[in-house]
Amino acid sequence: MRIARRVFLAGAGAAAVSRARGADVDVDVAVVGAGAAGLAAAKHLRGVGRSVIVVEARNRIGGRAYTDSTLGLPFDAGAQYIHWAERNPWKRIADELGVPLQEDASGAPPLVYADGVRVADAERRRRRRGFERIWAALSLGAAADKSFADAVRGGPPEVVEAAGGVTRFSLGEDPERVSIADYEQLWSGDDFLIPSGYGALVTRYGADVPVRLETPVSAIRWARQTVEVDTSGGTLKASTAIVTVPVGVLKAGGIRFAPELPQPTRDALEGLGMGAYTKIALRLDRARLGPVEGTDYFEILGDAAATSFEFWPFGHDLVVAVMGGDHGRRLCEAGERAAVDFVTERLAALVGSRMRDAVVAGRLAGWWSDPYSRGSYSVARPGHVAARMALREPVAGRIWFAGEATAAGGAMTVGGATLEGERVAREVARRLPG
């Protein structure tokens, strides 16, 4: 059923509504997606007097920044670190809101296992040497925009293994699918953790933005001078649309464009993929579990199925398992019950069978199988380092893409998505008439 026009306008705020009506549109700007980029864009546009409506498919804001409390204790199911804090707006936002942060400090090295067997010190040293030696190979591969796998092919086994460790646990993807040149351009700096949750911080920041939740977009039509956005609640007509949904949704055809997006935009999307950085959290009964030797464990199963485990994050009675690449995809596709069982059994092999009795409940943060994300965050394919900048180009001056995928050095982060939302909003506001 087509929703009444006045209902849409009620969510847009009073700013510039009369001007939008006079232009035969419902609103100046339709923002698709209420993650960090969409929220930042809406805040800027409202601040400069432009009318804006944000539509969001989920029943919450924040996108892939989500602090999950369904286990009775919070954990960040998605984004966790405020990276490169020197320029990341979330450091400032947290400080302004009085949200405590914790510097990311390296603790004791993890206890390393292979197929449930503790790895000897000599083997650990061999693996560590791989990480120390990998950067020379990667710097050569970056100039040719090679994949991580191609850059280390034929090298020492420990260097090949290190390449997989970097991509799966930093980018959520297997090494043959990741451009080194894209990785090399990422910003670096100080990292901070948010004990109360990154997702909770984003939700608090966006609380004043009017958002129409549970309103997925099915199509965007842009052939005329205006943009028509078809949603589950009706059609919204805007002068401009800012699309902030993940690349995975766009590539899966989650939103249909009519006419089809121009070839350069499609080529840019083709050059980007989505990693499968995956988390499984278990709530534990500490009394049943008893003491464990360490707080960080790492296990290798076969060549590519590696998993890290962190006990007691921020003192909570939780253990959070992390994996990436095809290993993460398989667990997402298997479903929550199978993923929880997998982590439980692997930990039973590492710390003892009492683990099975200690698990109270479990939660899969399966971004790969989530229809509103289709992956954790974007990665540039080998040979496609220019894809992010190409996706920045507006379509007919009426459709703009913004998010972590277009953030260049800030890609794959909430901070990068936020900066992109603000950048695009400034440009859109400048181009709108009146």
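Note that the numbering runs from 1 along the sequence shown for the chain. We use all heavy atoms of the structure for the numbers below, so side chains are in, but hydrogens, waters and symmetry mates are not.
Using cut-offs of 30° and 60° on the angle between ring planes, the pair Tyr297 and Tyr113 is parallel. Using the six-membered ring where Trp is involved, Trp135 and Tyr183 have ring planes that are parallel, under 30° apart on the 30 and 60° scheme.
With 3.5 Å as the limit, one finds a donor-acceptor pair spanning the side chains of Asp230 and Thr235.
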Can Arg346 and Glu299 be said to form a salt bridge (charged side-chain N to carboxylate O under 4.0 Å, His left out), step by step? CA-CA 8 Å; Arg346 294 324 310 154; Glu299 184 185 34; 2.7 Å; yes

Trace of the salt bridge (charged side-chain N to carboxylate O under 4.0 Å, His left out) decision for Glu422 with Lys43: CA-CA 8 Å; Glu422 293 172 345; Lys43 277 177 171 280; over 6 Å; no

Trace of the side chain to side chain contact (heavy atoms under 4.5 Å, CB included) decision for Lys251 with Met274: CA-CA 10 Å; Lys251 295 189 69 168; Met274 291 290 282; 5.9 Å; no

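The backbone N or O of Asp76 sits less than 3.5 Å from a side-chain atom of Lys279, completing a donor-acceptor pair.
Listed by chain and number, the residues in a salt bridge (Lys or Arg N to Asp or Glu O under 4.0 Å) with Glu86 amount to none (sequence neighbours excluded).
Comment: Arg58 engages Asp370 in a salt bridge, judged by a side-chain N to carboxylate O separation of less than 4.0 angstrom.
Distance check, rounded to the nearest 0.5 Å: NZ of Lys91 to CZ of Phe192 gives 5.0 Å. From Ser376, atom OG reaches atom CG of Leu171 across 9.0 Å, with rounding to the nearest 0.5 Å. The structure places CZ of Phe75 at 9.5 Å from CD1 of Ile280, a figure rounded to the nearest 0.5 Å.
A distance of 6.0 Å or more separates the ring centres of His316 and Phe311.
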